[in-house]
K.L.:
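Below: one structure in structure tokens.
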2 protein chains.
Amino acid sequence: MSDMTAAQDSPHPPQRLGLLLAWHGSITETRMKKALSTAGLTPRHAMTLMHLEDGPIGQRALAERLEVDPSVLVGILNDLEGEGLAVRRRDPADRRRHNVAITEAGSSALAKTNAALDEVELSLFSAFSQQDQDALRTLLGRIDSNAEHFECGE
Amino acid sequence: MSDMTAAQDSPHPPQRLGLLLAWHGSITETRMKKALSTAGLTPRHAMTLMHLEDGPIGQRALAERLEVDPSVLVGILNDLEGEGLAVRRRDPADRRRHNVAITEAGSSALAKTNAALDEVELSLFSAFSQQDQDALRTLLGRIDSNAEHFECGE
DNA sequence: TATTGTTATACTCTATAACTATA
DNA sequence: TATAGTTATAGAGTATAACAATA
């Protein structure tokens, strides 16, 4: 179960606006994941490749951007490197550092996944006019501005 | 990492509308979870109590509503029963069945969690007028109607 | 034989800390 | 000593199947 947002296929969306948002977010995420796996990548691998598109980067910094532990990134990169989608190169300036770069094969794999994501979004928001999309984006953005209030917690 | 929606605290929301939706949904879910845990319950236990409010129910049916495996529900109910928030009673009509019911302590625990959820939603959507809330609800509902197209997948 | 609840097992994820090699 | 990357280990969560009691 996806915890608070269970029952994705059930016809019973939650009533609370917050849970409703989490629910639709979870459904969307699931759909996007499926699209990626169809394109041959896990979400993690895809997100990693996306970040690599900005240019070579050390594993530490990459792990921070992806919000994964460096030890987790090792496994992701092993996979990507094994499939020839990314490469690790020792940084001559600091031989401790591995600079990670996307390969041509990686770029073309990424292009495929982007196409798959486009398709999903097109379908998810097919009932949306451009105005609707903008409206949703704006509303979501207003939630975000509130996010700051909650850093502490437990 | 929450997979596709990593970096919740980072100031870098994704650009794609689909990923943006998943991202905000994930943030919201995280906040709601925190509120629940502050109220002393895990999301699972809280959701279970919420379903129990509709009246006693067999574990099979309850597991279906929660979209968890019956074997998982066993653990949840063991916890809830241990804390006196729910009880299992053999159904005299069919002695295989356990009818699960919420206790008074469970109801009051649930009331606390609902108050906590109210507070989070109030904060998350504090910049929202009633119209905005309705607009968001409507937009989200339009996504849902599209969901059917995607049952197959992989 | 089918069904309800339970237990057991294996598999994935995640979080933590120890380890190496460089600095 | 501190840092970059790696490895190892333990914990939570999930999925699956086997199981006992009852129908």
Side-chain angles (χ1 to χ4, degrees), chain A residues 1-9 26 29-30 33-34 36-37 41-48 51-52 56-82 86-101 154, chain B residues 1-9 26 29-30 33-34 36-37 41-48 51-52 56-82 86-101 154:
Chain A
M1 146 158 128
S2 183
D3 270 342
M4 313 219 34
T5 56
Q8 294 200 353
D9 7 346
S26 176
E29 188 173 349
T30 302
K33 279 188 193 174
K34 257 187 201 161
L36 289 182
S37 74
L41 290 174
T42 69
R44 260 183 191 187
H45 294 155
M47 296 303 287
T48 304
H51 280 282
L52 287 182
I57 182 176
Q59 290 187 204
R60 207 87 191 177
L62 181 56
E64 265 175 32
R65 280 212 204 168
L66 289 167
E67 292 243 324
V68 299
D69 194 270
S71 66
V72 172
L73 183 57
V74 170
I76 299 173
L77 291 179
N78 287 346
D79 294 340
L80 290 176
E81 213 168 15
V87 286
R88 283 187 259 221
R89 296 198 206 91
R90 283 253 172 240
D91 186 337
D94 180 347
R95 291 188 36 76
R96 291 174 301 181
R97 175 173 289 115
H98 275 162
N99 283 324
V100 187
E154 140 236 44
Chain B
M1 141 158 133
S2 182
D3 268 342
M4 312 219 35
T5 56
Q8 296 200 352
D9 8 345
S26 176
E29 188 174 349
T30 301
K33 280 188 194 174
K34 257 188 201 161
L36 290 182
S37 73
L41 290 175
T42 69
R44 254 174 198 198
H45 294 153
M47 297 303 286
T48 303
H51 280 283
L52 287 182
I57 182 176
Q59 290 187 205
R60 206 87 190 179
L62 181 55
E64 265 174 32
R65 280 213 205 166
L66 289 167
E67 292 242 324
V68 300
D69 194 90
S71 65
V72 172
L73 183 57
V74 171
I76 300 173
L77 291 179
N78 287 347
D79 294 341
L80 290 176
E81 214 169 15
V87 287
R88 283 186 259 220
R89 296 198 207 91
R90 280 252 173 244
D91 186 337
D94 180 349
R95 292 186 38 74
R96 289 174 301 182
R97 176 174 289 115
H98 274 161
N99 282 324
V100 187
E154 139 239 40

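The model shown is predicted, which means the values in this text are computed figures rather than measured ones. Naming: A, B, ... by sequence-line order, numbering from 1 per chain.
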K.L.:
Between A:Arg96 (CZ) and C:dT22 (P), how many Å, whole number?
P.N.:
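Result: 10 Å.
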K.L.:
For residues B:Val100 and B:Val87, determine if any side-chain heavy atom of one lies less than 4.5 Å from a side-chain heavy atom of the other.
P.N.:
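Counting from C-beta outward, B:Val100 and B:Val87 never come under 4.5 Å.
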K.L.:
NE2 of A:His45 versus C1' of C:dT12: gap in Å, rounded?
P.N.:
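Distance check: A:His45 NE2 to C:dT12 C1' gives 13 Å.
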K.L.:
Checking only heavy atoms, does the side chain of B:Ser71 share a donor-acceptor pair with the base of D:dT16 at less than 3.5 Å?
P.N.:
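When only heavy-atom distances are counted, B:Ser71 does reach the base of D:dT16 through a donor-acceptor pair under 3.5 Å.
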K.L.:
Is any N or O donor-acceptor pair between the side chain of B:Arg97 and the base of C:dT4 shorter than 3.5 Å?
P.N.:
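There is none.
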K.L.:
Rounded to the Å, how far apart are A:His98 NE2 and D:dT7 P?
P.N.:
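Those two atoms, NE2 and P, are 10 Å apart.
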K.L.:
So, A:Glu81 side chain and A:Arg88 main chain: donor-acceptor pair closer than 3.5 Å or not?
P.N.:
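The answer is yes, because a donor-acceptor pair under 3.5 Å joins these two groups.
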K.L.:
So, under a plain 3.5 Å distance rule, would you say the side chain of B:Arg95 forms a donor-acceptor pair with the base of D:dT22?
P.N.:
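Such a pair does not exist between side chain and base.
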K.L.:
Specify the separation, in whole Å, of atom CG of B:Asn78 and atom C1' of C:dT7.
P.N.:
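Value for this atom pair: 11 Å.
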K.L.:
Using a 4.5 Å cut-off on heavy atoms from C-beta on, say whether the side chain of B:Arg60 contacts that of B:Leu73.
P.N.:
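Not in contact.
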K.L.:
Checking all strands, does A:Asp69 fall into the base, sugar-phosphate, or nothing category for heavy-atom contacts under 4.0 angstrom?
P.N.:
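Counting heavy atoms under 4.0 Å across all strands, the contact made by A:Asp69 includes a base.
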K.L.:
Would you mind telling me which residue lines up with the more 5' stretch of DNA chain D, B:Arg90 or B:Val72, judged by nearest nucleotide?
P.N.:
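Looking at the nearest nucleotide for each, B:Val72 comes out on the 5' side.
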K.L.:
Using atom CG of B:Asp91 as one end and atom P of C:dT3 as the other, report the distance to the nearest whole Å.
P.N.:
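Rounding to the nearest Å, CG of B:Asp91 and P of C:dT3 are 17 Å apart.
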K.L.:
Tell me: CG of A:Leu77 to P of D:dT7, nearest whole Å?
P.N.:
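From A:Leu77 CG to D:dT7 P: 12 Å.
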K.L.:
Heavy atoms from C-beta onward define the side chain here; which of D:dT22, D:dG5, C:dG5 lies closest to that of A:Gln59?
P.N.:
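The listed nucleotide nearest to A:Gln59's side chain is D:dG5.
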K.L.:
What nucleotide among D:dA21, C:dT22, D:dT6 has an atom nearest to a side-chain atom of A:Pro70?
P.N.:
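Nearest listed nucleotide: D:dT6.
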K.L.:
Nearest to the side chain of A:Val74, which nucleotide is it out of D:dT7, D:dT3, C:dA2?
P.N.:
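For the A:Val74 side chain, the nearest candidate turns out to be D:dT7.
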K.L.:
A:Arg60 side chain: which of D:dA4, C:dT6, C:dT3 is closest?
P.N.:
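Output: D:dA4.
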K.L.:
In the structure I gave you, are the side-chain heavy atoms of A:His51 and A:Ile57 within less than 4.5 Å of one another anywhere?
P.N.:
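Not touching, per the 4.5 Å side-chain cut-off.
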K.L.:
What is the distance, to the nearest angstrom, from the CD atom on A:Glu67 to the P atom on C:dT14?
P.N.:
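So the two atoms are 13 Å apart, to the nearest Å.
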K.L.:
Look at the side chain of B:Arg90 and the backbone N and O of B:His98, then say whether any donor-acceptor pair between them is shorter than 3.5 Å.
P.N.:
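No; zero donor-acceptor contacts below 3.5 Å.
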K.L.:
Please state how far atom CG in A:Asp79 lies from atom C1' in D:dT6, giving the value in whole angstrom units.
P.N.:
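For the pair A:Asp79 CG and D:dT6 C1', the rounded distance is 15 Å.
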